[in-house]
Amino acid sequence: MAKKHSTRQWWWNHFAEHLGYVNKEDTSMFSGKAKVICKVIYKQHITQEQQLDQKQVSTGQQELP
């Protein structure tokens, strides 16, 4: 039996399709193709936002993160 090979190359390990692509949201596509997100940069952005939230909570600028 022949082994099934993925059509995706190694770099797809570092990217993900836009979160809205599953539901075919207009903002998730460009020219009919899915927009992609770099997983590393996305994680860095989330971490920065979490740190900013914690800073604002600790300084009283907001109540909850």
Side-chain angles (χ1 to χ4, degrees):
M1 184 176 226
K3 206 174 195 185
K4 187 175 179 180
H5 294 283
S6 173
T7 58
R8 293 201 171 185
Q9 300 295 326
W10 63 268
W11 55 82
W12 274 104
N13 294 335
H14 304 283
F15 293 89
E17 291 174 340
H18 188 284
L19 299 174
Y21 186 67
V22 172
N23 299 324
K24 302 293 185 199
E25 294 175 13
D26 289 337
T27 58
S28 70
M29 295 180 275
F30 182 77
S31 297
K33 294 186 179 184
K35 291 180 182 177
V36 296
I37 299 167
C38 174
K39 293 176 183 178
V40 173
I41 294 173
Y42 184 69
K43 185 174 181 176
Q44 288 173 354
H45 180 72
I46 296 296
T47 301
Q48 288 172 348
E49 290 296 317
Q50 289 173 333
Q51 290 172 347
L52 179 60
D53 279 353
Q54 289 300 325
K55 182 179 177 182
Q56 289 177 340
V57 168
S58 67
T59 59
Q61 295 175 332
Q62 65 185 41
E63 291 182 26
L64 300 170

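More than 12 heavy atoms of other residues, nucleotides or ligands sit less than 6.0 Å from atom NE2 of H14. Within a 6.0 Å radius of CG in N13, more than 12 heavy atoms belonging to other residues, nucleotides or ligands are found. Residue I41 places its CD1 atom among 12 or fewer non-hydrogen atoms of other residues, nucleotides or ligands, all under 6.0 Å distant.
Residues passing the side chain to side chain donor-acceptor pair (under 3.5 Å) test with E17, sequence neighbours excluded: R8. For K24, the side chain to side chain donor-acceptor pair (under 3.5 Å) test picks out Y21, with sequence neighbours left out. T27 meets the side chain to side chain contact (heavy atoms under 4.5 Å, CB included) test with H18, E25; sequence neighbours excluded. With sequence neighbours left out, the side chain to side chain contact (heavy atoms under 4.5 Å, CB included) criterion links Q54 to P65.
Atom NZ of K43 is separated from atom CD of Q48 by 13.0 Å, given to the nearest 0.5 angstrom. A distance of 7.5 Å separates CD of Q62 from CG of L52, quoted to the nearest 0.5 Å. Summarising the geometry, atom CD belonging to Q44 is positioned 8.0 Å from atom SG belonging to C38; distances are rounded to the nearest 0.5 Å.
When hydrophobic residues (I, L, V, M, F, W, Y) are linked wherever their side-chain heavy atoms come within less than 4.5 Å, the members clustered with Y42 are L19, I37, I46.
Sorted by first and then second residue, the salt bridge (charged side-chain N to carboxylate O under 4.0 Å, His left out) pairs involving residues 45-65 (not counting sequence neighbours) form an empty list.
When the side chains of ILVMFWY residues are joined at heavy-atom separations under 4.5 Å, either directly or via intervening members, M29 and V22 end up in two distinct hydrophobic clusters. Transitive grouping of hydrophobic side chains (ILVMFWY, heavy atoms separated by less than 4.5 Å) keeps F15 and V40 in distinct clusters.
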